[in-house]
Every structure is written in structure tokens, then in C-alpha cells.
Amino acid sequence: MIIVLKHGIEQQQISSLNTWLSDKGLKVFPIYGAEKTVLGLVGDTSHLSIDEVSMHEAVEKVLKVQEPYKKANRKFHPENSIINVGNVKVGAKEMVIIAGPCSVESEEQITEIAFQVKNFGATMLRGGAFKPRTSPYAFQGLRTEGLMLLKRAGNTAGLPIVSEITNPAYLEVFDEYVDLIQVGARNMQNFELLKELGRIKKPVLLKRGFANTLEELLMACEYIMNEGNQNVILCERGIRTHETFTRNTLDLSAVPALKRMSHLPVLVDPSHGSGLSWMVEPLSKAAIAAGADGLVIEVHNNPIRALSDGPQSITPSEFSNIMPKLREYALLEGRYISIPHTVAYAGTPGSFANEAAEKLYPTYTLTGLERFEDVFDAILSGKIEIGVVPVSNTLAGEVEEVQALLQNDKIEVIDRIKLPIIQMLVATEGTELSSVRKIYSHEKAIQQCEAFLATMPDCKIIPYSTTSAAASAIAALNDKYSAAIASKTAAKLNRLVILKESIQDSDENYTEFVVIKKK
Ligand code: PEP
Ligand code: MN
């Protein structure tokens with residue numbers, strides 16, 4: 001039952017109502033909103049009639065709550081709850097981005113990732129130390145040592161840390177060192193663990209079990225909240241369905257449903273939700289559109305060597321490319337993602353402009369904009385700090401459009417870089433040069449590599465829109481017969497290997513880029 005109190009009511013009248021309700025064996029939870037005060041009643045209210053309660057002078061309205069979950073229920077608390085984790089507010093206008101590896105593996109690994117994800121806009125650092133693995137023979141985590149390494153990395157990078165607890169026996173150490181304690185899918189209904197977490201004040205990230213309904217998730221939440229800890233954040237991380245293409249089926253309808261059912265913040269984990277690194281970007285965008293308050297993304301500096309969940313982990317540079325796009329989606333939803341240092345370049349990820357920007361600013365977040373003018377606009381409006389644009393090419397001459405835009409006296413050139421245009425033959429890992437039968441690339445790049453292509457007479461040459469698009473097509477085809485002519489960056493972004501370096505006919509082809517800033 002929920003009681004809405006009259007506006008401007010005296011504290012003494014509220015107290016007398018409280019006493020009356022407590023005498024009836026009910027627990028009273030007051031919620032003080034900006035406009036209204038609401039009392040949530042927990043306990044058996046079957047003997048209490050609405051009329052009887054309405055007659056009390058402090059009462060404006062009485063509502064019966066049908067749902068079995070009370071404290072997590074939005075009717076109990078009409079306004080969105082904002083949960084503080086260190087200095088990060090979860091559920092506020094700014095979205096939270098929790099990033100980091102599935103498991104903490106070593107001090108170097110977690111420290112390197114911590115700095116990178118922080119630079120690219122993450123608000124919290126994740127890392128598993130106690131790993132609930134399906135197989136007892138798989139890596140079980142570095143346990144307490146892992147937690148200490150995570151804490152140290154979080155402290156030096158300035159990020160609150162998130163880690164999973166698997167057993168109430170570790171509660172004390174988690175309460176002391178971890179800023180947001182995760183309850184994983186496998187423990188969502190470990191009720192003894194949930195009750196223990198309810199007795200401390202630390203925020204809890206409660207992930208949905210892979211075979212649990214939303215009501216069961218909220219009932220699990222009640223176990224924590226009913227013990228006194230109201231700091232719970234929900235997380236959709238995919239459920240088991242008949243589909244086997246993805247590791248789980250990410251149930252994005254859970255987001256608007258949970259937002260309607262509950263006042264608690266809802267995060268989405270696209271990494272466990274799909275099990276596939278290349279699905280992290282589209283599912284993150286969809287999660288933002290569905291109304292999520294944030295994302296949990298697995299980031300690993302060397303996914304192929306990861307001790308757990310490598311196939312679903314993205315690299316720091318992939319994370320850096322995704323973040324500016326997510327910021328645009330967040331803006332559409334009236335939300336905000338803050339990214340500390342961003343460099344805009346004119347071009348697509350994997351283009352030579354991208355390569356120039358990455359070479360000059362390896363620790364900055366890179367965002368590819370369509371036109372030269374877009375880069376200048378972003379700089380002039382203050383949306384982005386630094387821009388990288390081409391000014392000339394050995395064969396094609398000056399880029400006149402850029403030269404004209406540079407005439408603006410509010411823009412200054414702060415650096416320059418000359419990049420040799422080096423083409424590579426790239427393919428998926430395990431492909432041999434001798435097995436290649438199809439080569440995809442942009443017509444210009446094909447022309448630049450005529451001598452090399454003459455050594456591959458059995459290959460069909462297929463023109464493609466851009467070199468970077470050809471590289472992503474090769475990654476999607478994932479066979480041993482196709483290759484692309486593209487840049488080193490395009491190979492890296494699409495996780496391709498280089499079959500042959502420097503296949504262009506002439507080494508005398510350079511593009512000069514300038515770095516621009518608002519004066
Ligand atoms: C994890 O976050 O690494 C994890 C094991 O998650 P889940 O409980 O969702 O499988
Ligand atoms: Mn994982």
C-alpha cells in the first residue's frame with residue numbers, strides 16, 4: 001500500500017500516522033520528493049481498508065500495490081532514483097559507461113586498460129577478480145589480489161571500480177575496496193548473498209539471471225532493499241532463448257519495461273548480451289535508444305589472449321571509435337556522455353585521415369566526420385577540441401576546400417604531419433596469400449597497386465566504395481579466399497592481418513595533414 005500525504009502537512013501529523021501504522025505491524029518507508037511526500041508500507045496490509053487510512057488527516061490519497069515487489073516499485077517512488085557510486089551519479093542525465101576487462105589478469109593489463117578507457121570517456125572501471133566460470137578448469141580469477149590490482153588501477157586513473165561478488169564470505173573485503181558490487185547473472189537468486197548485501201550501504205549492480213523474468217529480477221532486488229540498502233542498479237545482460245547465433249539474446253524490451261515497473265536505474269551489458277565484439281556498437285546504440293541509463297562494456301587490450309570472454313571484448317581503440325557515436329545517440333535521447341579529449345578527422349574509421357589522427361593523438365578519442373566543413377564546424381562551435389584535415393597530396397595537389405576553410409581567422413594550425421600512403425593486402429587471420437582469389441578495394445587504391453596485382457593473376461579484382469569499407473566487408477565475409485587493399489588502421493579496426501605490406505607501385509605518394517584548433 002502507498003499513502004500520498006497532503007502538501008504542507010505538519011511533521012507531528014506524519015508521526016502520529018506512522019505510529020498508527022507501526023502499531024498495525026507495518027514497516028513505513030517515507031520518500032520525500034520535491035512536491036510530495038509518499039509513505040510506502042511493507043507488510044501484510046490485507047486487513048487495512050483504503051477508507052480507514054484515507055480518514056487520517058495527513059492523507060491525500062491511498063493506493064493499493066498489486067505487484068509483489070514494493071521497494072523497487074515505481075508506484076512506491078514515482079521519481080527516478082539516482083544512485084551515487086563514488087562521485088558518479090547513476091540514473092542522472094549523464095550516462096554511465098562502465099568499461100574494462102572481463103577479468104583482471106595482471107597489474108600491467110588492468111592499469112593500461114584503466115587509463116585508456118578513462119581517456120576515451122568511461123566513468124567506471126570494471127574487472128572480475130572472483131570469476132564464476134562454467135568450467136572449474138577455466139581461469140577462476142586472481143581473487144583478492146585481483147581486487148587490489150583493480151582498486152589501485154581505479155585509484156590512479158581516477159575511476160570508481162566495479163567487481164563481482166560470488167560469496168558472502170568476501171563481503172568485508174568488497175565493502176572496503178569495491179565502489180559498486182556486482183551480483184552476476186548466476187547469483188541473481190542467491191538470496192543469502194542478496195540479504196547480506198542489503199545490510200551494507202554499498203551500491204549493488206544486480207544483473208538479470210539468464211533464465212529469469214523481470215518480476216523475478218525485481219523480487220531479487222527486494223531482498224537487498226528490504227534489508228535497508230536502497231542503492232541498487234539493475235542490469236540487462238541477455239537471456240537464454242532458442243537462438244544460438246549470439247551467446248545470449250539481449251532483451252532490450254527489458255529496458256522500457258523496467259523503467260516503467262521500477263524507479264531504479266537500468267544499465268545494459270551488450271558484451272555478455274551478444275558474446276560478439278562486433279555487436280557491441282549496434283547494441284549499445286539500441287540500448288541508449290531504449291532508455292538505458294548506461295552501459296557495461298568489456299574492453300581488453302589483447303582480446304585474442306584474454307583469459308575470459310575474449311570474443312566479446314572490444315579493444316581500447318575500438319572503444320575510442322564507438323564512444324563519440326554513442327554520445328550522438330545519447331544527445332538524441334536528451335542524455336549526455338562526456339568524453340574528455342576528442343579529435344575529429346574528416347573521413348571514415350580506417351581511412352588515412354584516421355591514421356594521421358591516431359598517430360598524433362594516440363590517447364585521445366577519435367571521431368570521423370563526413371565532410372571537411374563538419375570538422376571546422378565542430379571546432380568552431382567548441383564541440384570538439386582538435387581537428388585533423390588533409391591539405392595536400394603529392395599526386396592530387398592542394399585540397400582547395402580545406403585551404404579555403406583555413407582562411408577563417410578563428411582557426412589556428414598547431415601541427416602538421418606528412419603521411420606516406422602505404423597500401424596493404426589485408427585478410428582474416430589464417431588466410432594465406434596463395435589462397436586469395438578475390439581482392440576488394442577502392443578504384444584509386446587498385447590503380448596504385450597495379451604491379452603487385454599483376455603478380456596475382458588468379459584473383460578477381462572487385463571495386464568497392466572505400467578502402468575501409470572493403471576491409472570491413474572482408475571481416476564480415478570471414479573466409480580464406482578474400483582480401484582487401486586498405487590501410488594498416490583499417491586492418492587493425494577490423495581485426496585483419498596484413499598479408500603483404502607496402503604494395504603500392506610508388507613510395508612517393510604523401511598526404512599532408514594539418515591539426516587545427518579554435519584560437
Ligand atoms: C561479468 O560481468 O563478467 C559476468 C560474468 O557477467 P554475467 O553475470 O552477466 O554473466
Ligand atoms: Mn565477462
Side-chain angles (χ1 to χ4, degrees), residues 102 138 243-248 270-271 273-283 298-319 321-322 347-352 354-355 358 420-505:
C102 180
E243 182 56 72
T244 54
F245 186 83
T246 43
R247 178 179 177 181
N248 291 290
S271 309
S274 65
L276 299 165
S277 59
W278 55 271
M279 271 202 197
V280 169
E281 177 178 337
L283 293 180
E298 285 191 343
V299 178
H300 197 284
N301 42 6
N302 193 356
I304 296 166
R305 304 258 168 274
L307 297 180
S308 59
D309 288 349
Q312 68 194 33
S313 302
I314 60 170
T315 62
S317 100
E318 287 164 346
F319 181 68
N321 276 291
I322 290 175
T348 49
S351 62
F352 287 103
N354 180 180
E355 198 164 318
E358 194 166 60
I421 303 302
I422 300 176
Q423 304 290 6
M424 314 270 167
L425 189 71
V426 302
T428 49
E429 185 142 23
T431 305
E432 300 285 336
L433 189 59
S434 56
S435 72
V436 175
R437 292 290 173 271
K438 288 180 194 166
I439 298 178
Y440 296 74
S441 198
H442 186 258
E443 240 158 328
K444 267 248 163 68
I446 294 169
Q447 281 163 17
Q448 286 170 13
C449 303
E450 266 170 5
F452 167 75
L453 291 174
T455 67
M456 306 281 287
D458 297 334
C459 284
K460 193 169 171 203
I461 312 297
I462 303 161
Y464 222 74
S465 54
T466 63
T467 52
S468 47
S472 37
I474 295 305
L477 283 170
N478 194 20
D479 62 30
K480 305 278 173 272
Y481 317 105
S482 310
I485 298 175
S487 70
K488 204 174 195 161
T489 313
K492 191 171 124 198
L493 281 174
N494 292 287
R495 301 197 180 178
L496 300 172
V497 293
I498 294 164
L499 294 185
K500 205 158 169 55
E501 266 187 68
S502 232
I503 57 168
Q504 73 285 354
D505 299 340

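Annotation: side chain of Leu433 is in contact with side chain of Met456 (closest heavy-atom distance under 4.5 Å). Using a 4.5 Å heavy-atom cutoff, the side chains of Thr246 and Met279 are in contact. Residues Asn494 and Val426 fail the side-chain proximity criterion, which asks for heavy atoms closer than 4.5 Å.
Under the rule for a side chain to side chain contact (heavy atoms under 4.5 Å, CB included), the partners of Ser351 that lie at least two apart in sequence or sit in another chain are Tyr345, Thr348, Ala353, Asn354. For the side-chain hydrogen bond (donor to acceptor under 3.5 Å, both in side chains) test, residues two or more places apart in sequence or in another chain that qualify with Asp309 are Arg247, His272, Gln312. In terms of the ring-ring contact (aromatic ring centres under 6.0 Å, His included) criterion, Phe452 has no residue partners (sequence neighbours excluded). Partners of Phe319 under the ring-ring contact (aromatic ring centres under 6.0 Å, His included) rule, at least two apart in sequence or in another chain, do not exist in this structure. With sequence neighbours excluded, no residue forms a side-chain hydrogen bond (donor to acceptor under 3.5 Å, both in side chains) with Ser274. Legend: residues meeting side-chain hydrogen bond (donor to acceptor under 3.5 Å, both in side chains) with Lys500, ordered by chain and number and at least two apart, are absent. In this view, Asp479 and Ser482 satisfy the side-chain hydrogen bond (donor to acceptor under 3.5 Å, both in side chains) rule, not counting sequence neighbours. For the side chain to side chain contact (heavy atoms under 4.5 Å, CB included) test, no residue two or more places apart in sequence or in another chain qualifies with Pro311.
Partner Ile439 forms a side chain to side chain contact (heavy atoms under 4.5 Å, CB included) with one of Ile462, Leu453, Ile474 and no other, that one being Leu453.
Residue pairs satisfying the ring-ring contact (aromatic ring centres under 6.0 Å, His included) criterion with at least one member in residues 298-318, sequence neighbours excluded, are absent. Sorted by first and then second residue, the side-chain hydrogen bond (donor to acceptor under 3.5 Å, both in side chains) pairs involving residues 426-447 (not counting sequence neighbours) are Thr428-Thr431. Among residue pairs with one or both ends in residues 448-465, those qualifying as side-chain hydrogen bond (donor to acceptor under 3.5 Å, both in side chains) are Gln423-Gln448; sequence neighbours excluded. The salt bridge (Lys or Arg N to Asp or Glu O under 4.0 Å) pairs that include a residue from residues 482-495 are Glu318-Arg495, Glu358-Lys492, where partners are two or more places apart or lie in different chains.
The CG atom of Asn302 sits 10.5 Å away from atom OG of Ser313, with the distance rounded to the nearest 0.5 Å. In this structure, CG in Asn321 is found 9.5 Å from CD1 in Ile314, a value given to the nearest 0.5 Å. Note: Ser468 OG to Glu355 CD = 11.5 Å, rounded to the nearest 0.5 Å. Taking OG1 of Thr315 as the reference point, atom CG of Asn301 lies at 9.5 Å (rounded to 0.5 Å). To the nearest 0.5 Å, the span separating CG on Leu499 from CD1 on Ile485 amounts to 11.5 Å.
The two residues Leu493 and Ser317 come nearest to each other via the heavy atoms CD2-OG, 4.2 Å. Scanning both residues, Asp505 and Ala451, for their nearest heavy atoms gives OD1-N, 3.0 Å. Residues Val299 and Pro316 come closest through the heavy atom pair CG1-N, 3.7 Å. Ala471 approaches Ala490 most closely through the heavy-atom pair CB-CB, 3.9 Å. The minimum heavy-atom distance linking Leu283 with Pro270 is given by the pair CB-CB, 3.8 Å.
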